[in-house]
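Only one structure is covered here, and it is reproduced in the block below.
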Amino acid sequence: MFLYNITLQRATGITHAIHGNFSGTKMQEIVVSRGKILELLRPDANTGKVHTLLTMEVFGIIRSLMAFRLTGGTKDYIVVGSDSGRIVILEYHPSKNMFEKIHQETFGKSGCRRIVPGQFLAVDPKGRAVMIGAIEKQKLVYILNRDAAARLTISSPLEAHKANTLVYHVVGVDVGFENPMFACLEMDYEEADNDPTGEAAANTQQTLTFYELDLGLNHVVRKYSEALEEHGNFLITVPGGSDGPSGVLICSENYITYKNFGDQPDIRCPIPRRRNDLDDPERGMIFVCSATHKTKSMFFFLAQTEQGDIFKVTLETDEEMVTEIRLKYFDTIPVATAMCVLKTGFLFVSSEFGNHYLYQIAHLGDDDDEPEFSSAMPLEEGDTFFFQPRPLKNLVLVDEQENLSPIMSCQIADLANEDTPQLYVSCGRGPRSTLRVLRHGLEVSEMAVSELPGNPNAVWTVRRHVEDEFDAYIIVSFVNATLVLSIGETVEEVTDSGFLGTTPTLSCSLLGEDALVQVYPDGIRHIRADKRVNEWKTPGKKTIVRCAVNQRQVVIALTGGELVYFEMDPSGQLNEYTERKEMSADVVCMSLANVPPGEQRSRFLAVGLADNTVRIISLDPSDCLQPLSMQALPAQPESLCIVEMGGVEKQDELGDKGTIGFLYLNIGLQNGVLLRTVLDPVTGDLSDTRTRYLGSRPVKLFRVRMQGQEAVLAMSSRSWLSYSYQSRFHLTPLSYETLEYASGFASEQCPEGIVAISTNTLRILALEKLGAVFNQVAFPLQYTPRKFVIHPETNNLILIETDHNAYTEATKAQRKQQMAEEMVEAAGEDERELAAEMAAAFLNENLPEAIFGSPKAGAGQWASLVRLVNPIQGSTLDQVQLEQNEAAFSVAACRFTNTGDDWYVLVGVARDMILNPRSVGGGFIYTYRLVSGGEKLEFVHKTPVEDVPLAIAPFQGRALVGVGKLLRIYDLGKKKLLRKCENKISHQGLFQSS
């Protein structure tokens with residue numbers, strides 16, 4: 001067997017997103033595809049956080065994704081078009097937390113092929129049929145229905161093929177309950193193919209074609225086709241039947257057009273543009289994605305342009321005839337691949353490049369003073385409307401999902417001296433680019449940190465009543481005292497809780513329904529709800545050394561290895577079992593499992609002894625305190641924890657839901673190793689032991705709750721969390737400082753948190769991103785990062801950032817100044833003052849490019865810079881902006897043998913490069929010296945070369961440079977780099993290899 005690869009981090013970029021009620025409840029969910037992964041997300045309507053319910057690998061490329069619902073149904077199904085040559089329909093089962101394949105119909109070869117369907121999917125809005133189309137020629141329609149048992153059925157495919165036809169987009173037209181109809185943007189290339197002059201190709205028009213599925217004849221016909229004036233890029237379905245006028249909106253360059261059958265005239269409205277935009281004015285504007293929101297009384301569309309501006313699109317109707325299209329500027333957000341408007345008032349925005357966002361729709365933009373543009377407004381042909389972009393007004397950002405796509409360059413190094421290396425990743429595109437530092441571990445949110453009067457040695461949380469949702473007290477134990485803190489609006493000390501404060505505490509817990517128990521070295525204190533206290537004192541000079549408690553049982557170990565067992569009777573009294581158990585060695589740790597629902601007691605007690613063994617002892621009345629099994633250990637145990645994990649939801653005879661999982665005994669050893677052993681729930685046998693080294697300190701174990709299930713927090717020199725997530729075990733370190741003791745914590749602000757102690761501080765922590773392998777910090781960059789190198793002495797990073805179709809800062813300022821002057825000059829005498837004010841406001845306006853996008857300069861325009869970054873703080877130490885149309889492609893940090901200990905940075909730059917057809921105005925190698933302790937770049941000289949220097953690497957005290965087809969060695973000279981030798985190779989261009 002050979003291990004080819006293991007995925008450390010699943011894909012984070014989203015290519016498709018759909019929404020619906022996939023679990024069959026009223027909950028709104030989102031299904032996203034991340035290349036070859038399907039993921040089900042659920043935004044929490046209260047907190048606004050997006051939770052991942054299920055991730056499924058499909059072992060193929062997801063090319064299209066649609067949701068549909070059968071007429072009268074309450075549940076949405078998922079249709080997947082992929083490279084498998086099959087159409088697949090999935091249903092989500094919440095009880096099993098899995099996607100079940102209901103239908104899988106094969107229609108063609110596998111692979112992403114031009115004429116095999118899978119690229120386009122369209123669903124009849126009433127859920128009666130689905131069309132799956134290829135880029136060229138083939139389209140298939142499947143009829144969807146129910147059988148007698150209300151199960152989804154699918155018909156044989158009906159063909160709607162047309163040869164020599166390219167398809168751009170397909171949608172289902174909403175025609176109510178008439179025959180299902182599909183609209184396609186198509187182009188017939190037959191004439192263009194047969195015309196050698198190229199004239200036919202230049203004159204070929206795109207067509208809008210309607211395909212009708214005749215349910216009576218079981219047959220698909222081309223009902224209608226119409227040539228389009230502008231080239232469309234996608235279609236939007238307009239609600240029909242009783243909900244709206246039906247038809248489609250065609251989004252094309254500079255225009256949005258409404259079309260429908262019959263007497264309906266075409267309604268055409270220009271796409272508004274930004275006022276005083278730095279973009280090339282000749283460049284067209286298109287919509288790139290849209291979302292539809294429909295209620296019983298109204299509907300509207302949100303359409304986003306390629307600059308990120310969202311417009312609210314509404315249609316005015318007069319007796320089912322559309323009379324005008326209205327567009328209103330809504331807000332600007334980063335450009336999306338898909339937008340989903342949820343019924344809960346959220347807008348989910350997924351991106352191929354850059355983070356994904358969840359926004360709350362605070363206003364619908366109806367009553368603001370933003371101008372509304374209409375197709376009825378008179379305009380000259382070619383003219384358009386103008387609007388002023390602004391920060392968010394109608395949307396409120398509530399959650400953000402991190403996305404590494406695209407990763408441009410990556411290096412692994414321990415630059416922060418943390419023992420575990422970090423991943424340094426340059427990713428993103430344009431002004432949304434970032435440098436991210438990834439650390440292996442779960443991200444920890446610090447909710448509160450407070451200092452304590454001394455160094456505590458333990459902490460617990462308890463509830464007042466078994467029905468309480470949140471904890472009532474935090475109990476902190478010191479060497480000679482116990483502090484009780486009450487949890488409310490604030491956390492403050494209380495003295496009337498019934499706990500004994502003049503002694504250290506070994507353990508405490510809620511006992512029965514509403515009593516508390518405190519175990520301390522000299523005895524057990526049972527505190528009833530009415531504050532009556534029962535005490536059990538240790539006999540003679542013996543003290544309690546170890547204990548284990550749960551909701552109904554208390555087990556203590558006295559000095560000398562004697563076990564005493566207590567169990568609560570129905571009246572709420574703690575009764576001691578008549579016999580005691582002498583162990584063969586000193587007891588060093590103990591654990592009881594939680595009492596299973598509907599049972600009187602936990603059947604097993606785990607005891608760790610100083611003779612390097614763990615023993616399972618029965619607590620069943622028939623054989624109480626009898627040994628059941630034993631496991632020898634490689635070192636002395638430090639702590640034990642029995643948990644039930646990996647549970648699946650089950651429903652008992654009475655209809656009560658609960659989880660049935662497996663019992664695991666976790667054993668923390670003094671040598672820093674964690675063992676996890678399966679505990680048989682019937683016989684108490686131990687089997688299937690798994691081992692993991694956690695750190696240099698003895699491992700302490702604590703039971704906590706994560707996502708409603710039990711989990712184990714293991715503390716060594718680093719803290720780890722062992723938990724079950726989406727039916728899989730995870731053992732992941734926490735990216736946080738060393739902790740000493742912890743307990744689960746639940747309050748209104750933090751329903752599943754952890755309270756922990758570290759030296760003399762009490763910390764309340766939350767772990768929100770379960771399932772993540774890495775946590776990350778991101779530092780913003782200006783252009784797309786191409787490559788970076790690490791300076792070996794200072795550990796600083798030297799990055800090159802390059803963007804095509806972009807302006808440098810200097811050119812941008814120059815263009816702005818020029819436009820401001822033109823504004824003043826164009827104004828009449830009496831408007832000069834107003835124009836000057838507007839020009840000043842325009843010059844001072846600085847909208848963040850990470851959200852509003854950077855201006856597009858046109859082909860052959862480049863912007864580049866060299867950046868020196870401290871990777872720990874993420875601060876930019878120095879930055880060199882290259883001139884307009886200079887593009888940096890390679891970078892290296894070198895030492896030359898003839899210059900002593902100085903470090904030099906070489907940057908390979910191309911000038912006036914045009915990508916297609918490829919041409920270049922020459923290249924340069926810029927040489928900088930690192931000065932001021934490696935924190936500044938000092939320009940030395942630039943060396944002209946004939947082609948693009950695509951690769952530079954240090955080589956035996958000199959620099960090895962790939963220039964076009966030449967491989968050269970350079971040495972450092974006074975005025976430029978000196979060529980020492982060269983070798984011509986057959987390949988076109990050398991690329992950087994690391």
Side chain [X], main chain [Y], donor-acceptor under 3.5 Å:
X	Y	answer
Glu191	Thr204	no
Asp331	Leu395	yes
Glu29	Phe22	yes
Asp193	Tyr189	no
Asp83	Ile61	yes
Gln304	Ala336	yes
Ser375	Ile325	yes
Glu212	Asn179	no
Ser252	Tyr255	yes
Thr165	Ala163	yes

Considering only heavy atoms from C-beta outward, does the side chain of [X] approach that of [Y] to under 4.5 Å?
X	Y	answer
Cys289	Thr337	no
Val335	Glu306	no
Ile271	Thr384	no
Leu41	Thr52	yes
Val88	Ser82	no
Leu327	Cys269	yes
Thr15	Leu65	no
Ile286	Val288	yes

May I ask you to say whether [X] pairs ionically with [Y], meaning some side-chain N is under 4.0 Å from a carboxylate O?
X	Y	value
Arg114	Glu136	yes
Asp188	Lys162	yes
Arg268	Glu230	yes
Lys259	Glu226	yes

Evaluation steps, side-chain hydrogen bond (donor to acceptor under 3.5 Å, both in side chains), between Arg326 and Ser374: CA-CA 4 Å; Arg326 290 191 174 174; Ser374 164; 4.7 Å; no

Near [X] [atom1], under 6.0 Å, is it more than 12 heavy atoms from other residues, nucleotides or ligands?
X	atom1	answer
Glu372	CD	yes
Lys75	NZ	yes
Gln104	CD	yes
Lys137	NZ	no
Arg429	CZ	no

Under a 3.5 Å threshold, yes or no: a donor from one side chain and an acceptor from the other, between [X] and [Y]?
X	Y	answer
Thr209	Glu186	yes
Gln28	Asn21	yes
Ser405	Thr12	no

Salt bridge (Lys or Arg N to Asp or Glu O under 4.0 Å) involving Arg273 - partner list, sequence neighbours excluded: none

Selection residues 84-112 - residue pairs positive for ring-ring contact (aromatic ring centres under 6.0 Å, His included), sequence neighbours left out: Tyr92-Phe99

Aromatic plane relationship, His169 with Phe120 - under 30° parallel, 30 to 60° tilted, over 60° perpendicular: perpendicular

Phe210 and Phe261 aromatic ring geometry - parallel, tilted or perpendicular at 30°/60° bounds: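 Ring orientation of Phe261 relative to Phe210: tilted.
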
Phe373 and its ring-ring contact (aromatic ring centres under 6.0 Å, His included) partner, picked from Tyr329, Phe385, Phe386, Phe387: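 Checked Tyr329, Phe385, Phe386, Phe387 against Phe373; only one passes ring-ring contact (aromatic ring centres under 6.0 Å, His included): Phe385.
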
ring-ring contact (aromatic ring centres under 6.0 Å, His included) partner of His293, the single match among Phe299, Phe346, Phe300, Phe330: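 Per the ring-ring contact (aromatic ring centres under 6.0 Å, His included) rule, the option paired with His293 is Phe300, out of Phe299, Phe346, Phe300, Phe330.
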
Hey, can you pull the donor-acceptor pairs under 3.5 Å for the side chains in residues 147-155, sequence neighbours left out?
from, atom 1, to, atom 2, distance (Å)
Asp147, OD1, Ala149, N, 3.1
Asp147, OD1, Ala150, N, 3.2
Asp147, OD1, Arg151, N, 2.7
Asp147, OD2, Arg151, NE, 3.3
Asp147, OD2, Arg151, NH2, 3.3
Thr153, OG1, Asn145, O, 3.0
Ser155, OG, Ile143, N, 2.8

Using a 3.5 Å cut-off and no angle test, enumerate the donor-acceptor pairs between side-chain atoms of residues 311-321 and protein atoms at least two apart in sequence or in another chain.
from, atom 1, to, atom 2, distance (Å)
Lys312, NZ, Leu364, O, 3.0
Lys312, NZ, Asp366, OD1, 2.5

Side-chain donor-acceptor distances from residues 233-248 under 3.5 Å, at least two apart:
from, atom 1, to, atom 2, distance (Å)
Asn233, ND2, Phe287, O, 2.7
Thr237, OG1, Gly172, O, 2.8
Asp243, OD2, Lys294, NZ, 3.4
Ser246, OG, Asp174, O, 2.6

Set of side chain to side chain donor-acceptor pair (under 3.5 Å) partners for Arg34, sequence neighbours left out: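 If we apply the side chain to side chain donor-acceptor pair (under 3.5 Å) test to Arg34, skipping adjacent residues, the hits are Glu39.
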
Among Val32, Asn403, Val50, Asp399, the one residue meeting side chain to side chain contact (heavy atoms under 4.5 Å, CB included) with His356: Asn403

